[in-house]
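Along the sequence shown, residues are numbered consecutively beginning with 1. Because the structure is a prediction, the values reported are computed rather than measured.
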Amino acid sequence: MEQRFGLTAEIYRAIVAIVDERTRSIRVLRKDFDRLAEAQARTEAALNRLAEAQARTGARMEELAAAQARTEARMEELAAAQARTEARMEELAAAQARTEEEFRKYREASEARFARIEAALDRLAEAQARTEEEFRKYREASEARFARIEAALDRLAEAQARTEERLNRLAEVLERLSAIVERLDSQVADLRGWQLELRYYQRVTAYFGPVLRKARAVPLTEIEDELEAKLSEREVLDLLELDLLVYGEPRKRPDLPPLWLAVEISGVIDSGDITRAIRRAGLLRRAGFLAIPAVAGVRATDWIKEQAFMDKVLLLEDGRAFFWEEALSSALAT
């Protein structure tokens with residue numbers, strides 16, 4: 001009898017058959033196990049999805065619970081507001097009742113006042129009627145008086161016309177007299193100006209001696225040739241109208257050369273005198289002469305003195321000299 005591994009052939013074949021059958025069973029079990037594993041995986045995935053859905057459902061339920069809580073709180077607020085509204089409506093109803101009562105009382109008082117006003121109006125109407133009657137009588141009397149006044153005014157107007165005619169003739173006479181007086185005043189002023197200019201010309205040393213040594217009046221004709229050589233004809237003619245030209249040496253400044261004073265003379269010194277003196281002194285300087293503007297007269301206002309000081313112009317008021325140092329310094333600086 002044939003043996004394998006110490007077993008008989010029949011036993012060996014039986015064992016092999018058993019092993020083959022077990023192997024086939026194991027293969028079937030393996031396939032089933034794989035199917036079960038896949039099913040388990042699908043089941044676990046479904047469970048995971050169910051868990052996630054459950055989580056979302058729980059969160060949504062929490063949101064719904066919170067919204068429900070807010071809704072309930074809002075309902076409580078609305079209920080409280082409704083209670084307040086009802087209380088306010090009761091207050092308004094009470095106020096309306098008080099208003100109606102007050103209006104009733106006011107209406108009764110107003111009716112009483114209107115009755116008193118109507119009675120007063122009746123009395124006023126009677127008084128107005130009496131006033132109108134009195135006014136009619138007064139108007140008639142006034143018209144009569146106005147007629148008498150108008151007649152008197154007509155007579156006064158005629159007398160006024162005659163008076164105005166005489167006044168017009170008198171005004172014409174006065175105008176002629178005024179023109180004569182103005183001409184006389186102008187002639188007297190000219191005479192006084194000429195007299196003042198002559199006085200300054202004749203007493204040049206006395207008036208200008210405090211500021212100049214060897215002061216003398218110089219006729220413009222002596223320097224006319226120099227003027228015509230440097231200035232235009234119009235400028236020369238302007239200089240020839242200068243009231244007085246004085247020449248001398250500065251008394252307190254022997255170091256300085258002799259100089260000239262362009263002097264404008266007026267009884268009452270004004271701004272025009274200062275302007276002309278400045279202009280004509282400037283023309284002399286353009287012609288080559290060291291010249292200082294000066295104004296002289298009997299009187300100068302404080303305002304004119306201030307202008308002379310500001311413009312550096314020598315001012316002589318009734319023989320007294322002002323602003324000499326300022327005028328000299330300004331002339332030397334130009």
Side-chain angles (χ1 to χ4, degrees), residues 186 189-298 300 304-305 307-317 319 321-334:
S186 177
D190 292 340
L191 288 173
R192 287 177 178 172
W194 295 334
Q195 182 182 10
L196 190 59
E197 291 178 14
L198 180 61
R199 196 163 97 192
Y200 269 89
Y201 185 85
Q202 291 175 343
R203 303 187 62 191
V204 65
T205 303
Y207 284 117
F208 296 97
V211 296
L212 294 178
R213 293 178 64 252
K214 301 178 182 179
R216 65 185 181 89
V218 179
L220 280 163
T221 54
E222 291 188 8
I223 61 172
E224 193 170 356
D225 292 339
E226 291 88 338
L227 297 176
E228 291 177 347
K230 299 291 182 64
L231 303 175
S232 67
E233 181 180 359
R234 183 178 58 82
E235 292 170 337
V236 172
L237 293 176
D238 186 24
L239 269 175
L240 292 177
E241 294 182 4
L242 183 67
D243 292 339
L244 180 63
L245 180 63
V246 179
Y247 178 79
E249 302 171 358
R251 180 168 293 280
K252 296 181 181 180
R253 295 291 302 275
D255 56 314
L256 297 178
L259 49 80
W260 303 78
L261 299 180
V263 187
E264 291 294 325
I265 302 171
S266 295
V268 178
I269 302 170
D270 60 21
S271 181
D273 296 322
I274 294 175
T275 301
R276 288 191 297 275
I278 293 172
R279 184 180 70 248
R280 288 165 180 170
L283 293 175
L284 286 170
R285 285 195 294 270
R286 282 179 51 200
F289 299 94
L290 180 58
I292 293 176
V295 291
V298 178
I304 291 297
K305 288 180 181 178
Q307 183 181 355
F309 172 77
M310 297 296 296
D311 291 340
K312 307 296 187 298
V313 175
L314 172 63
L315 186 145
L316 278 80
E317 183 185 32
F322 298 91
F323 320 127
W324 165 249
E325 294 296 334
E326 291 81 2
L328 179 61
S329 299
S330 177
L332 294 175
T334 56

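- With D273 contributing its side chain and V295 its backbone, the two residues share no donor-acceptor pair below 3.5 Å.
- Checked against L245 for a side chain to side chain contact (heavy atoms under 4.5 Å, CB included), the options L261, L239, V204, L284 give a single hit: L284.
- Contact of the L290 side chain with the L256 side chain is not registered, since no non-hydrogen atoms from C-beta on lie closer than 4.5 Å.
- Tested against I269, the residues L315, V313, L316 include a single side chain to side chain contact (heavy atoms under 4.5 Å, CB included) partner, L315.
- From I278, atom CD1 reaches atom CG of L283 across 12.0 Å, with rounding to the nearest 0.5 Å.
- Using a 4.0 Å cut-off between a side-chain N of Lys or Arg and a carboxylate O of Asp or Glu, R276 and E241 do not qualify as a salt bridge.
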Please lay out, stage by stage, how D238 and R280 fare under the test side chain to side chain contact (heavy atoms under 4.5 Å, CB included).
CA-CA 7 Å; D238 186 24; R280 288 165 180 170; 2.9 Å; yes

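- Residues L259 and L212 form a side-chain contact, since some pair of their non-hydrogen atoms from C-beta on lies under 4.5 Å apart.
- Between W260 and Y247, the ring planes are tilted. Angles from 30° to 60° get that label.
- With rounding to the nearest 0.5 angstrom, the CE atom of M310 is 11.5 Å from the CD1 atom of I274.
- For E233, the CD atom is loosely surrounded, since the number of other residues' heavy atoms within 6.0 Å does not exceed 12.
- The shortest non-hydrogen separation linking S330 to K312 is CB-CB, 3.6 Å.
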For L240 and L237, run side chain to side chain contact (heavy atoms under 4.5 Å, CB included): C-alpha distance rounded to whole Å, both residues' side-chain angles, the deciding distance at 0.1 Å, then the answer.
CA-CA 5 Å; L240 292 177; L237 293 176; 4.2 Å; yes

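- Looking at R285, its side chain does come within 3.5 Å of a backbone N or O of A291 through a donor-acceptor pair.
- By the 4.5 Å heavy-atom criterion applied to side chains, E226 and F289 are counted as neighbours.
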Tell me, with the steps shown, if V263 and Y207 meet side chain to side chain contact (heavy atoms under 4.5 Å, CB included).
CA-CA 12 Å; V263 187; Y207 284 117; over 6 Å; no

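- Residues passing the side-chain hydrogen bond (donor to acceptor under 3.5 Å, both in side chains) test with R286 are E235, sequence neighbours excluded.
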Side chain to side chain contact (heavy atoms under 4.5 Å, CB included) for R216 and V246? Distances and angles first, verdict last.
CA-CA 6 Å; R216 65 185 181 89; V246 179; over 6 Å; no

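- Between A294 and A277 the shortest heavy-atom distance is O-CB, 3.5 Å.
- From L220, atom CG reaches atom CG of L242 across 5.5 Å, with rounding to the nearest 0.5 Å.
- Residues F309 and E326 approach most closely at CE1-OE2, 3.8 Å, considering heavy atoms.
- If you take CD on E264 and CD on E197, they are separated by 8.5 Å, rounding to the nearest 0.5 Å.
- To the nearest 0.5 Å, the span separating OH on Y200 from CG on D243 amounts to 11.5 Å.
- Contact record, L196 with G297: CD2-CA, 4.2 Å, taken as the closest heavy-atom pair.
- The main-chain N or O of A300 is found under 3.5 Å from a side-chain atom of E317 such that the two form a donor-acceptor pair.
- Remark: side-chain polar atoms of S329 are paired, donor with acceptor, to backbone N or O of E325 under 3.5 angstrom.
- Among all heavy-atom pairs drawn from A281 and P293, the shortest one is CB-N, 3.6 Å.
- Pairing each heavy atom of S271 with each of Q307, the nearest pair is OG-NE2, 3.1 Å.
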